[in-house]
Novice: 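Just passing along the structure, written as structure tokens.
Throughout, protein chains are lettered first and strands after them, A, B, ... in sequence-line order, and every chain is numbered starting at 1. Small disclaimer: the values here were computed from a predicted structure and weren't measured. Only heavy atoms go into these numbers, but all of them, side chains included; no hydrogens, no water, no symmetry mates.
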Amino acid sequence: MARPFDVQAVERKWQERWLREGTYDVDNDDPRERYYALCMYPYPSGAAHQGHVRNYTFGDLIVRYQTMRGKAVLSPFGFDSFGLPAENAAIKAGSHPRIFTEARMAELRRSVERLGAVYDWRRLVVSHDPEYIKYSQLIFLAFLNAGLAYRAEAPVNWCPGCATVLANEQVLSDGTCERSGDVVQRRNLEQWFFKITDYAEQLLNDLDALAWPERVKTMQRNWIGRSEGVEFDLVFAHDASRAIRVFTTRPDTGYGITYAVVAPEHAMLDELTTDAHRSDVAELVERATTATEIERTSTPDCGPGLSKRGAFTGSYVVNPFTGQPVPVYVADYVLGNYGTGAIMAVPGEDERDYAFARAYGLPVVATVERPPGFGDGAYAGDGRHINSGFLDGLNVADAKVEASAFLVTHARGVAKVNYRLRDWLVSRQRFWGCPIPVVYCDHCGIVAVPVEALPVLAPDDVTMDQSGQSPLATHAEFRDTSCPRCGGPARRETDTMDTFTDSSWYFLRYTDPFTPGRPFDPEQAARWMPVDQYIGGVEHAILHLLYARFYVKALVDIGLAPGVDREPFARLFTQGMIRLNGSKMSKSKGNLISPERYFDRVGADALRVFHLFVGPPADDVDWTDQTEDVIDGCARFLDRVYRLSTDSTFAKRSFDPSLDLPLRRIVHHTIDRVTFDIDRWSFNTAVAALMELLNATAKWARESGVDDAVCNEAVDTLLLLLAPMAPHVTAELWAMRHPLEPSVHAQAWPVADPILTAEQLVVMVVQVNGKVRARIEVSPTVDDSEARALALADPTVRSWIGDSEPTRVVVRAPRLVNVMV
RNA sequence: GCCCGGAUGGCGGAAUCGGCAGACGCGGAGGCCUCAAAAGCCUUUACUCGAAAGGGUGUGUGGGUUCAAGUCCCACUCCGGGCACCA
């Protein structure tokens, strides 16, 4: 494309100036109203891809727009620089992850600068920076001190591909690792956990007040999975002093308990199992505990597969409602780590119990009346209770209340709330992460590394392989140490922390990376937080966004962030993903379309306008054969802006209201439209409005000649409104037109004149029998009877009505009249 | 299976409240400029009947409410995403 100016030179010039002058540096004592705009800090995977471009284009638009609105905008940048890909790449290259990572960081930073996105680089935060490590460890120790970090043996998810354990959140629903795709195995290992479950209730309740996409909030609610019910005892039939404890959300169905089930991991399984059934039970347990998640969950719900998934223990417990003994089974459909690990089974009202009962020939009792026409199977809906003694005739809600009360008095019952959410497993058997700052002493046990000794840094000369133990464990000099408490021989923890711990507080560090000796000054953090606008991909809906919420609440509670809002992100926007031929564009799929190519060919401004214009920001973008043409179209639009702004060949004339007022009205209407659209994140229509303004101004200048003041108002307004979207070309044109003024981005956002935005004439639609038959220009203030008279007097309308009298006339002045005949 | 989204011209999309469907752009067609091309500029472009004036049809499918439905209600189809033995 032949361009009317040297795009590359202009973009380079302004990028250098913004960087050199620190245009978007903002001090903590800035007196203006504060605004914190943040894109999720990126994993440094090298030069930016289109997903980054889209993200930072939106973020930069907000930063520049809010600055023009007169706010002190905090716009920081950083890198989530710890993590597995760097470690794996380093193993492959025989190099150090730091070398690899820092090279990728430099590439990404270069891309971001070439995009023209502006940041306060003084606040750069990097996960693997020793300062950041120090404070990540300080926070870990504070959690440990507060009882929020603990070490426990538990069945955990082991990924053979990554050679490390994973958090539940990192295992996909098909039982594979979200990163490597390997089938995750279950292992019993001693690991570090964070007590996120202490915050389950708050994490759930506080979602309500957040201005987040409903979809993301729903995902978090489902993940937390609150359920209310009753925990109570099922006493052994042969020994009333012993009992298994069960949890249920349907105490009302208690008369329908026809058996009970314990999980294969249940502590009392051995006690329950009689000699005659010992081998069957052992076989089932063996199968269940060695099975991968996939095998355990992929078996069909009914049919022959089920016969392999449960076994009778030989014992009986008593149904507290009927007093009758019911058999106790062990089955893998009951999970050891939810509720009490044991259930009362009600096949009449629970689908899983029904399938199991069918497969094992267990009785099914209906305790809730079925609606007419209901066939076989479990019925989970509402209805009158039947076969239920004192509960008969009650609906489900009322019966729950009565049954719960009964269990409280007769079966040591207590009301109980359970969550699906598990504690966050944070230790990783990998090298490239933040070391966990504790030592193990034979005398003193687990001892925290003293704060003065932080940071605990991993040595550089470590052999990294995928043996399954932490690479640090093989480094004797690091591993072997002395106990900070007794001075005796001790061993360092050699696991590192999940990288999601780093991304759980970086946004706090941004608010004050300046005060020495502390992660951040709580006073500064409290002033900037919460983030006013957080922008990122929806793939973090549960992982990062849940962990960060937990961190902030915990940091406030343990005194590290007093006064800081308990929710980190007031508004969240999740952008759509970019697809190429139907599949997500990603580095791992190797189907990236490099932004660099477009920076070189059409410039950053054109690529930015494309990402804004292509569709709603929340929607996915399909990168197709047409995309190249659309990007060229965006470059063409900017070229037209350039030509119009620099054209001095239009015929000059003096002000003429009939020629100039219509254009001025368009200009001021456009100010309102663009402002409204940016505020509601409708960037595509904001760009369309600017294209319309450009077209209208060019047509006006060409056809009627120009009055200088009117022309300048139109062009300058266009540049101001376009400045957050296409910062380079607008900065250049503004500087050419106003060499003595501050730059376009330092100007105030324009405000529309209400007199000019008020409508002068309205097109009133006249329908006959609901079909548009005429359009009449009317004053916006016409009342209903005038509108009706005007409509009925219109010759075209008359011809459609003919001789007949209208049966009804609906008038909505000044917009519409509908005549029925 | 459950829970969320979505379906509008050849394509991406627009349409704050139930009130002109298709803004804006891409692509296409025609024209101007040019020796010619590129670039630029202008006109046109939902489908359909018609020479035209003008008419009819039209927002995934089928019903409904309404003077009026892309928009609201009911049922369904397809596509995308999330969750999935959580008792």
Novice: Choose from B/G56, B/G25, B/G13 the nucleotide whose nearest atom is closest to any side-chain atom of A/R773.
Specialist: B/G56
Novice: A/T807 side chain to A/M820 main-chain N or O, any donor-acceptor pair under 3.5 Å?
Specialist: yes
Novice: Would you measure the distance from the P atom in B/C32 across to the matching atom in B/U48 and give it in whole Å?
Specialist: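 These two P atoms come out 28 Å apart once rounded.
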Novice: Nearest to the side chain of A/V765 - B/A84, B/C20, B/G10?
Specialist: B/C20
Novice: Under the salt bridge (Lys or Arg N to Asp or Glu O under 4.0 Å) test, which residues partner A/R3, sequence neighbours left out?
Specialist: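 Expected list: A/D639.
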Novice: Provide the Watson-Crick or G-U wobble partner of B/C76, both distances under 3.5 Å; none if there is no partner.
Specialist: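 Partner of B/C76: B/G60.
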Novice: Select base, sugar-phosphate, or nothing to describe what A/Q626 touches, counting heavy atoms under 4.0 Å on all strands.
Specialist: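 Base, at least one base heavy atom under 4.0 Å.
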Novice: Roughly how far, to the nearest 0.5 Å, is OH of A/Y419 from OG of A/S227?
Specialist: 9.0 Å
Novice: Looking at the angle O4'-C1'-N9-C4 for a purine or O4'-C1'-N1-C2 for a pyrimidine, is B/G9 syn or anti, with syn meaning within 90° of 0?
Specialist: syn
Novice: When all nucleic acid strands are considered with a 4.0 Å heavy-atom cut-off, which category describes A/K416: base, sugar-phosphate, or nothing?
Specialist: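 No contact.
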Novice: For A/N222, what residues pass the side chain to side chain contact (heavy atoms under 4.5 Å, CB included) criterion, not counting sequence neighbours?
Specialist: A/T218
Novice: Among B/G19, B/G56, B/A14, which nucleotide has an atom closest to any side-chain atom of A/Q767?
Specialist: B/G19
Novice: Give me syn or anti for B/C17, where syn covers glycosidic angles within 90 degrees of 0.
Specialist: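 Syn.
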Novice: With C1' as the reference atom in both, quote the distance from B/G22 to B/A7 in angstrom, rounded to an integer.
Specialist: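 It comes out at 16 Å once rounded to the nearest Å.
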Novice: At 4.0 Å (heavy atoms only), tell me whether A/R3 reaches a base, stays on the sugar-phosphate, or touches nothing.
Specialist: nothing
Novice: Work out how far the P atom of B/G60 is from that of B/U8, and round it to whole angstrom.
Specialist: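 Going atom to atom, P in each nucleotide, I get 6 Å.
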Novice: Mind checking side chain to side chain contact (heavy atoms under 4.5 Å, CB included) for A/I666 and listing every partner two or more places apart, or none if nothing turns up?
Specialist: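 Checked A/I666 against side chain to side chain contact (heavy atoms under 4.5 Å, CB included); matches are A/T670, A/L693, A/A696.
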Novice: B/C24 phosphate, OP1 or OP2: any side-chain N/O from A/T685 under 4.0 angstrom?
Specialist: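 No, because none of the side-chain N or O atoms of A/T685 sits under 4.0 Å from OP1 or OP2 of B/C24.
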Novice: Do A/D783 and A/S785 have side-chain atoms, one donor and one acceptor, less than 3.5 Å apart?
Specialist: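 A/D783 vs A/S785: donor-acceptor pair found between side chains.
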Novice: Mind checking if A/E214 touches a base, just sugar-phosphate, or nothing, with heavy atoms under 4.0 Å?
Specialist: nothing
Novice: Roughly how many Å is it from CH2 in A/W223 to P in B/A84, rounded to a whole number?
Specialist: 6 Å
Novice: Can you tell me if the side-chain N/O atoms of A/K771 get under 4.0 Å from OP1 or OP2 in B/U57?
Specialist: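 It does, given that an N or O in the side chain of A/K771 lies less than 4.0 Å from OP1 or OP2 of B/U57.
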Novice: List in chain and number order the residues that pass ring-ring contact (aromatic ring centres under 6.0 Å, His included) with A/F573, two or more places apart in sequence or in another chain; answer none if no residue qualifies.
Specialist: A/W681
Novice: Rounding to an integer number of angstrom, what distance separates B/C17 and B/G70 when you compare their C1' atoms?
Specialist: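 The same atom, C1', in both gives a distance of 15 Å.
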Novice: Which of these nucleotides, B/G82, B/C26, B/A87, is closest to any side-chain atom of A/V630?
Specialist: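 Nearest to the side-chain atoms of A/V630, counting from C-beta on, is B/C26.
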Novice: Between A/R250 and A/D353, does any side-chain N to carboxylate O distance fall below 4.0 Å?
Specialist: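 The answer is no: the pair does not qualify as a salt bridge.
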Novice: Choose from B/A23, B/G40, B/A87 the nucleotide whose nearest atom is closest to any side-chain atom of A/R636.
Specialist: B/G40
Novice: Which residues, if any, of residues 808-821 of chain A bring a heavy atom under 4.0 Å of RNA chain B?
Specialist: A/R808, A/V810, A/R812, A/L816, A/N818, A/M820
Novice: Please determine, for B/G18, whether a Watson-Crick or G-U wobble partner exists with both distances under 3.5 Å, and give it or none.
Specialist: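 Check on B/G18: unpaired, no WC or wobble geometry under 3.5 Å.
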Novice: Look at the side chain of A/A2 and decide which nucleotide, out of B/A39, B/A15, B/A87, has an atom nearest to it.
Specialist: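 Minimum distance to the A/A2 side chain belongs to B/A39.
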Novice: What residues form a side chain to side chain donor-acceptor pair (under 3.5 Å) with A/T796, not counting sequence neighbours?
Specialist: A/D794
Novice: Among the nucleotides B/C83, B/A14, B/C41, which one has an atom lying closest to any side-chain atom of A/P616?
Specialist: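 So the nucleotide nearest the side chain must be B/A14.
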Novice: From C-beta outward on A/V614, which listed nucleotide comes closest to its side chain: B/G25, B/U57, B/G12?
Specialist: B/G12
Novice: Across all strands, who's sitting opposite B/G10 as a Watson-Crick or G-U wobble pair, both distances under 3.5 Å?
Specialist: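 Answer to the pairing question: B/C26, which forms a Watson-Crick or G-U pair with B/G10.
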Novice: Between the protein and nucleotides 28-38 of chain B, are there any N/O to N/O pairs under 3.5 Å, and if so, what are the atom names and distances?
Specialist:
none

Novice: Quick one: is A/Y338 getting a side-chain N or O under 4.0 Å of the B/A87 phosphate, OP1 or OP2?
Specialist: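 Yes, such a contact exists.
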Novice: Is the side chain of A/D423 donor-acceptor paired with the backbone N or O of A/I196 at a distance under 3.5 Å, no angle test?
Specialist: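 Such a contact is found between A/D423 side chain and A/I196 backbone.
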Novice: Would you confirm whether the ring centroid of A/F356 sits within less than 6.0 angstrom of the ring centroid of A/Y329?
Specialist: yes
Novice: Which value, in whole Å, describes the distance between the P atoms of nucleotides B/C47 and B/A52?
Specialist: 15 Å
Novice: If you assign A/V687 and A/T248 each to the RNA chain B nucleotide with the nearest heavy atom, which residue ends up on the more 5' nucleotide?
Specialist: A/V687
Novice: Below 4.0 angstrom from OP1 or OP2 of B/C83, is there any side-chain N or O of A/R420?
Specialist: no
Novice: If I pick the P atom on B/A29 and the same atom on B/C79, what distance separates them, to the nearest angstrom?
Specialist: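 Rounded to whole Å, the distance is 35 Å.
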Novice: Side chain of A/D629 only, heavy atoms from C-beta on: which candidate in B/A87, B/G27, B/G12 is closest?
Specialist: B/G27
Novice: Given B/G25, B/C4, B/C20, identify the nucleotide with an atom nearest to the side chain of A/M691.
Specialist: B/G25
Novice: Just to verify, what does A/R640 make a salt bridge (Lys or Arg N to Asp or Glu O under 4.0 Å) with, not counting sequence neighbours?
Specialist: none
Novice: Just call it for A/N695: base, sugar-phosphate, or nothing, with non-hydrogen atoms closer than 4.0 Å on any strand.
Specialist: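 Sugar-phosphate: the residue A/N695, judged by heavy atoms under 4.0 Å, touches backbone atoms but no base.
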Novice: Examine B/A23: is either OP1 or OP2 under 4.0 Å from a nitrogen or oxygen in the side chain of A/R673? Give yes or no.
Specialist: no
Novice: Quick one: salt bridge (Lys or Arg N to Asp or Glu O under 4.0 Å) partners of A/E231, sequence neighbours excluded?
Specialist: A/R245, A/K416
Novice: Which residues in residues 639-650 of chain A have at least one heavy atom lying under 4.0 Å from any atom of RNA chain B?
Specialist: A/R640, A/R643
Novice: Please figure out whether A/F676 or A/C634 has its closest RNA chain B nucleotide nearer the 5' end.
Specialist: A/F676
Novice: Scan residues 769-780 of chain A for pairs that pass side chain to side chain donor-acceptor pair (under 3.5 Å), counting only residues two or more places apart or in two chains.
Specialist: A/S779-A/T781
Novice: Can you tell me, in whole Å, how much space there is between the P of B/G58 and that of B/A21?
Specialist: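 So the two P atoms sit 12 Å from each other.
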Novice: So A/R702, base contact, sugar-phosphate only, or nothing? Heavy-atom distance under 4.0 Å.
Specialist: sugar-phosphate
Novice: Rounded to the nearest 0.5 Å, how far does CG of A/L545 lie from NZ of A/K217?
Specialist: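 Going from NZ on A/K217 over to CG on A/L545, the span is 13.0 Å.
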Novice: If you look at every strand shown and take non-hydrogen atoms under 4.0 Å, does A/G633 touch a base, only sugar-phosphate, or nothing?
Specialist: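 Sugar-phosphate, no base atom in range.
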Novice: Mind checking A/F637 for me? I need base, sugar-phosphate or nothing, with any heavy atom below 4.0 Å counting as a touch.
Specialist: nothing
Novice: Tell me, please, which residues at least two apart from A/F5 pass ring-ring contact (aromatic ring centres under 6.0 Å, His included).
Specialist: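 Listed in chain order: A/Y642.
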Novice: Between B/C20 and B/A68, how many Å separate the two P atoms, rounded to a whole number?
Specialist: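 The same atom, P, in both gives a distance of 15 Å.
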